[in-house]
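Scroll down for the structure; my scribbles are underneath it.
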Amino acid sequence: MREIASRFLENPDFTKEEFEELLKGWENREERAAFREKAAFLREKYYGKKVFTRGLIEFTNYCKNNCYYCGIQRENRNVERYRLTKEEILECCREGYRLGFRTFVLQGGEDPWFTDDRMVDIISAIKEDHPDCALTLSIGEKSYESYKRFREAGADRYLLRHETADEEHYRNLHPSSMSLSRRKECLFALKELGYQTGAGFMVGSPGQTFACIGEDLVFLKELQPEMVGIGPFIPHHDTVFAKEKAGSVELTLYLLSVVRILLPKVLLPATTALGTMDTQGREKGLLSGANVVMPNLSPLRNRKQYELYDHKICTGEEAAESRSELGKRVEKIGMYLVEERGDAAI
Ligand code: SAH
């Protein structure tokens with residue numbers, strides 16, 4: 001093991017340059033194994049063998065943005081757009097509750113049809129039906145005031161991946177109407193408002209270097225998010241990145257371990273993108289330090305329409321099926337799914 005790797009295990013508080021140096025040796029087997037072991041140890045210390053589940057409800061694929069990597073970007077004319085009604089969303093939650101989910105995640109494109117008033121109405125209704133559940137939003141960049149209203153209406157958590165903490169890389173992934181500084185401002189606002197906040201990034205997005213990932217890790221350390229979403233980039237055929245290479249599963253697993261070591265109490269999902277790239281991806285993610293899975297609760301008929309990237313898994317099975325299947329898979333690796341809100345350890 002290199003000196004820098006053992007130093008990271010002792011004190012992970014690295015600078016961007018140190019992370020960059022560390023990452024250069026990520027393929028070293030011994031280092032990877034040591035990081036995985038430490039990550040699993042820390043995960044177990046704070047969360048035991050529990051795997052938390054989040055019922056993901058993809059409630060709209062309309063989006064006003066044009067993130068170059070994303071399949072549901074505004075410019076993609078080949079997407080058949082849909083929105084769930086409030087009643088449909090509530091039905092997804094009821095079904096999820098029956099199946100044992102105690103966190104619901106409302107995710108969507110940035111869809112202006114869902115005004116703050118409409119969101120507040122939906123948030124309040126979900127919290128009224130399920131006061132024992134946590135509600136997570138993942139609906140992009142909003143004003144401080146909007147975030148405040150959603151929080152007051154009962155939203156507990158918010159997922160907003162920063163996507164990349166490197167200015168230039170950010171500009172290569174997004175049109176000029178979007179900015180990294182705005183993204184960061186949103187994340188700090190969410191923290192201030194008391195949301196359990198999730199940041200994160202894709203692994204292997206076009207133009208990403210080890211220096212970019214170094215920035216990401218330093219930013220995560222600064223933000224101190226309660227959740228971090230990390231998954232491989234997967235090209236979507238209707239985007240300008242159609243011909244780009246997908247991110248590496250192995251590097252994603254390595255980074256899950258690194259993030260667990262950096263932020264020991266973090267809630268870390270083994271993402272659907274990881275499961276898409278490798279049939280055992282989610283299990284490998286859990287073994288590398290993750291402790292959350294996010295099965296799909298969206299109505300079957302809409303699943304394929306929420307296509308952020310090609311070949312996304314779990315677009316064809318019932319939520320019930322997928323929860324029990326996942327339960328079995330998780331038990332095979334010595335962990336178990338729980339029926340809990342699964343808040344961040346304090
Ligand atoms: N509109 C919301 C939700 C975005 S979808 C928001 O802006 O936060 C959730 C995440 O999917 C994104 O943050 C992005 O990191 C990821 N994603 C989008 N396109 C992807 C792709 N082609 N491959 C892998 N992940 C992708």
Side-chain angles (χ1 to χ4, degrees), residues 54 56-76 79 81 83 105-114 119 136-142 146-147 150 155 157-165 169-170 172-175 177-180 182-187 189-190 195 197-208 212-213 216 225 227-249 251-252 255 269-278 281 294 296 298 305-313:
R54 318 302 194 196
L56 183 64
I57 304 167
E58 300 156 335
F59 71 105
T60 172
N61 70 352
Y62 283 86
C63 193
K64 65 181 171 67
N65 289 333
N66 248 325
C67 308
Y68 300 146
Y69 44 84
C70 184
I72 63 167
Q73 59 185 256
R74 181 186 70 223
E75 301 271 284
N76 188 357
V79 180
R81 305 284 169 173
R83 289 186 181 106
V105 181
L106 290 184
Q107 188 180 85
E110 288 193 22
D111 179 358
W113 190 87
F114 286 97
M119 283 314 299
T136 307
L137 301 178
S138 179
I139 53 175
E141 298 173 15
K142 305 276 172 185
S146 304
Y147 286 149
F150 303 158
R157 308 191 188 126
Y158 206 105
L159 302 176
L160 185 76
R161 290 189 180 174
H162 63 282
E163 313 297 359
T164 173
H169 187 217
Y170 194 94
N172 292 334
L173 297 179
H174 302 94
S177 53
M178 297 177 74
S179 76
L180 177 59
R182 172 84 191 108
R183 198 86 179 165
K184 286 186 175 177
E185 245 174 53
C186 287
L187 282 162
L190 291 163
Y195 283 95
T197 303
F201 57 93
M202 291 173 285
V203 176
S205 58
Q208 185 183 54
C212 298
I213 302 176
D216 289 325
M227 308 172 282
V228 174
I230 301 181
F233 159 75
I234 305 174
H236 184 286
H237 59 277
D238 283 326
T239 66
V240 291
F241 292 150
K243 298 248 154 31
E244 299 286 335
K245 263 188 25 212
S248 146
V249 168
L251 180 57
T252 305
L255 287 168
T271 58
T272 306
L274 189 57
T276 296
M277 292 284 296
D278 181 331
M294 301 175 69
N296 203 319
S298 313
Q305 291 164 278
Y306 198 83
E307 195 190 41
L308 306 178
Y309 45 80
D310 290 343
H311 313 299
K312 189 166 160 231
I313 52 166

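Just so it is clear, the structure is predicted and the values come from calculations on it, not from any experiment. Read the numbers this way: they start at 1 and go in the same order the structure lists the ligands and their atoms.
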Check: Asn65 main-chain N/O paired with Gln73 side-chain donor or acceptor under 3.5 Å:
no
Polar contact flag for Gly108 and ligand 1 (N/O pairs, less than 3.5 Å):
yes
Nearest-neighbour protein heavy atom for atom 15 (O) of ligand 1, which is reported as residue plus atom name and distance:
Glu163 OE1, 2.7 Å
Protein contact to atom 17 (N) of ligand 1 [nearest heavy atom, distance to 0.1 Å]:
Met202 SD, 4.0 Å
Cys70: what forms a side chain to side chain contact (heavy atoms under 4.5 Å, CB included) with it, not counting sequence neighbours?
Cys67, Ile72, Leu308
Among all protein heavy atoms in this structure, tell me which lies nearest to atom 23 (N) of ligand 1, with the distance rounded to 0.1 Å.
Ile234 N, 3.0 Å
Which residue and heavy atom of the protein sit nearest atom 8 (O) of ligand 1, plus the separation
Arg183 NH2, 3.4 Å
Determine yes or no for a side-chain-to-main-chain donor-acceptor pair under 3.5 angstrom, with Ser298 supplying the side chain and Glu58 the backbone.
yes
Please state which protein non-hydrogen atom is closest to atom 24 (C) of ligand 1 and give its distance, to 0.1 Å?
Pro232 O, 3.4 Å
For atom 11 (O) of ligand 1, grab the closest protein heavy atom and report residue, atom and distance to one decimal in Å.
Leu308 CD1, 3.6 Å
Side chain Ser248, main chain Leu251, donor-acceptor under 3.5 Å
yes
May I ask you to list the atoms of ligand 1 that are less than 4.0 angstrom from any heavy atom of Cys70?
19 (N)
Would you say ligand 1 has an N or O under 3.5 Å from any N or O of His236?
no
Please indicate whether any nitrogen or oxygen in Tyr69 is less than 3.5 Å from any nitrogen or oxygen in ligand 1.
yes
Within the protein, is there a heavy atom lying under 4.0 Å from atom 4 (C) of ligand 1?
no
So, Tyr147 versus Tyr158, ring centres under 6.0 angstrom or not?
yes
Does an N or O from Ile139, backbone or side chain, lie closer than 3.5 Å to an N or O of ligand 1?
no
Check whether Arg74 reaches the backbone of Cys63 with its side chain - one donor and one acceptor, N or O, closer than 3.5 Å.
no
Does Cys67 have a heavy atom less than 4.0 Å from any atom of ligand 1?
no
Distance under 4.0 Å to a non-hydrogen atom of Leu160: what atoms of ligand 1 satisfy this?
8 (O)
Donor-acceptor under 3.5 Å (His169 side chain, Pro206 main chain):
yes
What's the spacing between Lys312 NZ and Thr276 OG1 if we round to 0.5 Å?
8.0 Å
In terms of residue, atom name and distance, what is the protein heavy atom nearest to atom 9 (C) of ligand 1?
Gln107 NE2, 3.5 Å
Is NZ or CZ of Arg83 both nearer than 6.0 Å to the six-membered ring centre of Tyr62 and within 45° of the ring axis?
yes
Establish, yes or no, whether a centroid distance under 6.0 Å links the rings of Tyr69 and His174.
yes
4.0 Å heavy-atom contact, Lys312 with ligand 1
no
Compute the shortest N/O to N/O distance between Arg161 and ligand 1 and return yes if it is under 3.5 Å, no if not.
yes
Could you state the interatomic distance from NE2 (His236) to OG1 (Thr239), rounded to the nearest 0.5 Å?
7.0 Å
